[in-house]
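Each remark here refers to the structure printed beneath this line.
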Amino acid sequence: MARPECPKESLKTKRARAARILERLEAAYPNARTELRHETPFQLLVATVLSAQATDKSVNAATPALFARYPDAFALAQATPEEVEPYIRRIGLYRTKAKNLVRLAQMLVERHGGEVPRDKQALMELPGVGWKTATVVLGAAFGIPGIAVDTHLARLAKRLCLSQARTPERIGAELEQYFPRERWVFVHHALILHGRYVCTARRPRCEACVLAEACPSRGTW
DNA sequence: ATCCCGAGGG
DNA sequence: CCCTCTGGAT
């Protein structure tokens with residue numbers, strides 16, 4: 001990672017650049033939303049927990065069979081981790097995730113009537129659910145604004161010189177200063193798509209990047 | 001800071 | 001072979 005210096009910008013200048021970035025994201029990814037397959041908030045929560053350090057493709061390959069066997073929290077709460085493992089083994093980190101999902105389902109039944117709580121603190125008390133997963137679920141399932149920062153957002157925020165902060169929470173808080181609240185959830189999904197297909201971790205395709213004009217790091221990778 | 005972990009890409 | 005993938009818990 002050869003780091004170019006980020007330009008010194010006022011908040012006003014940065015917001016103007018963010019506005020241009022948002023414009024181009026809206027043109028390039030007009031209906032960006034989660035690519036995790038799900039029918040209910042519960043299934044989205046499970047899929048998002050499974051997506052930690054895994055590709056959404058591998059998660060989507062596993063969840064149809066998983067959801068057919070365990071369609072809701074009540075069904076999953078009756079399972080043992082050993083019974084769940086075969087469904088998710090190919091995703092990786094499967095022992096931890098199987099254990100977490102069963103306990104998570106049991107807690108949903110015990111504390112929330114089997115439903116997904118619309119509250120970040122309550123979500124973060126569930127095993128396997130941290131700040132990023134809770135923010136994603138609130139946004140995608142309930143439309144509650146928030147910019148969840150995952151590996152893609154962290155990388156793009158740095159390359160775009162939108163945030164040099166280190167923790168996901170701080171990067172997210174900073175990004176939320178630059179984009180309008182009603183577009184936060186869109187920005188999250190659009191930047192993930194852009195990070196997955198264009199501004200990739202290893203060899204970013206700057207020549208094909210619609211954000212290049214607004215990116216101080218263009219061509220330096 | 002380290003562990004969990006399989007699968008696909010370069 | 002090494003790196004990365006919508007992280008979280010210890």
Side-chain angles (χ1 to χ4, degrees), chain A residues 1-2 25 29 31-38 41 43-63 65-66 81-82 84-105 107 116 120-142 144-160 162-163 165-172 175-176 184-208 221:
Chain A
M1 339 194 323
L25 287 175
Y29 311 100
N31 36 26
R33 56 182 181 83
T34 182
E35 293 192 347
L36 294 171
R37 297 180 55 179
H38 67 283
Q43 293 182 355
L44 174 65
L45 174 58
V46 170
T48 308
V49 168
L50 288 173
S51 73
Q53 294 295 286
T55 59
D56 68 329
K57 190 176 293 184
S58 69
V59 174
N60 286 335
T63 48
L66 179 69
E82 291 71 25
V84 173
E85 282 179 10
Y87 293 92
I88 66 173
R89 183 162 291 134
R90 294 143 48 96
I91 297 176
L93 308 180
Y94 63 92
R95 283 192 290 256
T96 304
K97 286 175 179 177
K99 194 183 310 176
N100 283 341
L101 287 179
V102 171
R103 277 215 301 138
L104 175 150
M107 287 176 63
V116 177
K120 189 172 286 190
Q121 295 310 318
L123 282 168
M124 289 178 63
E125 290 177 17
L126 301 170
V129 180
W131 177 85
K132 179 263 173 180
T133 297
T135 305
V136 167
V137 170
L138 289 177
F142 304 127
I144 298 173
I147 299 183
V149 176
D150 67 331
T151 180
H152 293 299
L153 272 281
R155 184 178 67 252
L156 296 222
K158 185 171 184 178
R159 288 183 181 169
L160 287 166
L162 288 177
S163 174
R166 296 180 183 171
T167 70
E169 291 90 335
R170 289 187 178 188
I171 296 171
L175 292 177
E176 289 176 354
W184 286 354
V185 173
F186 169 81
V187 167
H188 165 77
H189 291 300
L191 284 180
I192 285 180
L193 289 177
H194 196 65
R196 180 179 302 157
Y197 299 116
V198 181
C199 192
T200 51
R202 283 204 181 172
R203 189 188 172 287
R205 303 171 51 221
C206 296
E207 72 283 359
W221 292 76

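Residue numbers begin at 1 in each chain, while the letters A, B, ... track the order of the sequences.
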Sugar-phosphate, base or nothing in reach of A/Thr151, heavy atoms under 4.0 Å: sugar-phosphate
Out of B/dC4, B/dG6, C/dT6, whichever nucleotide has its closest atom nearest the side chain of A/Leu36: C/dT6
Length of the CZ-P vector between A/Arg95 and C/dG8, whole Å: 20 Å
Sugar-phosphate, base or nothing in reach of A/Ala201, heavy atoms under 4.0 Å: sugar-phosphate
Span that lies between the P atom of B/dG9 and that of C/dT6, in whole angstrom: 12 Å
Distance test, side-chain N/O of A/Gln53 to OP1/OP2 of C/dG7, below 4.0 Å: yes
First of A/Gly92 and A/Arg203 reached from the 5' end of DNA chain B, by closest nucleotide: A/Gly92
Nearest-nucleotide comparison on DNA chain C, the residue closer to the 5′ end among A/Arg103 and A/His152: A/His152
A/Lys99 side chain reached by A/Pro127 side chain, heavy atoms, under 4.5 Å: no
Test applied, side chain to side chain contact (heavy atoms under 4.5 Å, CB included); reference residue, A/Val137; option that passes from A/Leu45, A/Val46, A/Thr34: A/Leu45
A/Leu175 CG to C/dT6 P, straight-line distance once rounded to whole Å: 18 Å
Distance in angstrom units between A/Met124 CE and C/dG7 P, rounded: 15 Å
Closest listed nucleotide, where the reference is the side chain of A/Ser51 and the choices are C/dG8, B/dC5, C/dT6: C/dT6
Separation of C/dT4 C1' from A/Lys57 NZ (nearest whole Å): 14 Å
Nearest-Å distance for atom pair NZ/C1', residues A/Lys132 and C/dG7: 7 Å
Sugar-phosphate, base or nothing in reach of A/Arg89, heavy atoms under 4.0 Å: sugar-phosphate
Donor-acceptor pair, side chain of A/Ser58 and main chain of A/Ala54, under 3.5 angstrom: no
A/Thr133 side chain near C/dG7 phosphate (N/O to OP1/OP2, under 4.0 Å): no
From C/dT6, C/dC5, B/dC5, nucleotide with atom closest to A/Arg196 side chain: C/dT6
Sugar-phosphate, base or nothing in reach of A/Leu126, heavy atoms under 4.0 Å: sugar-phosphate
Lys/Arg-Asp/Glu bridge criterion (N-O < 4.0 Å) met for A/Asp56, A/Arg196: yes
C/dT6 base / A/Thr34 side chain donor-acceptor hit below 3.5 Å: yes
Nearest-Å distance for atom pair CG/P, residues A/Asn60 and C/dT6: 10 Å
Atom-pair distance (OH on A/Tyr197; C1' on C/dT6), nearest Å: 12 Å
Options B/dC5, C/dT6, C/dC5, nucleotide nearest the side-chain atoms of A/Arg155: C/dC5
Sugar-phosphate only, base, or nothing, as touched by A/Val149 at under 4.0 Å among non-hydrogen atoms: nothing
Pair A/Glu35 + A/Lys57: basic N to acidic O under 4.0 Å: no
Rounded distance in Å - OH (A/Tyr94) to C1' (B/dA7): 14 Å
Short side-chain N/O contact from A/His188 to OP1 or OP2 of C/dT6, under 4.0 Å: no
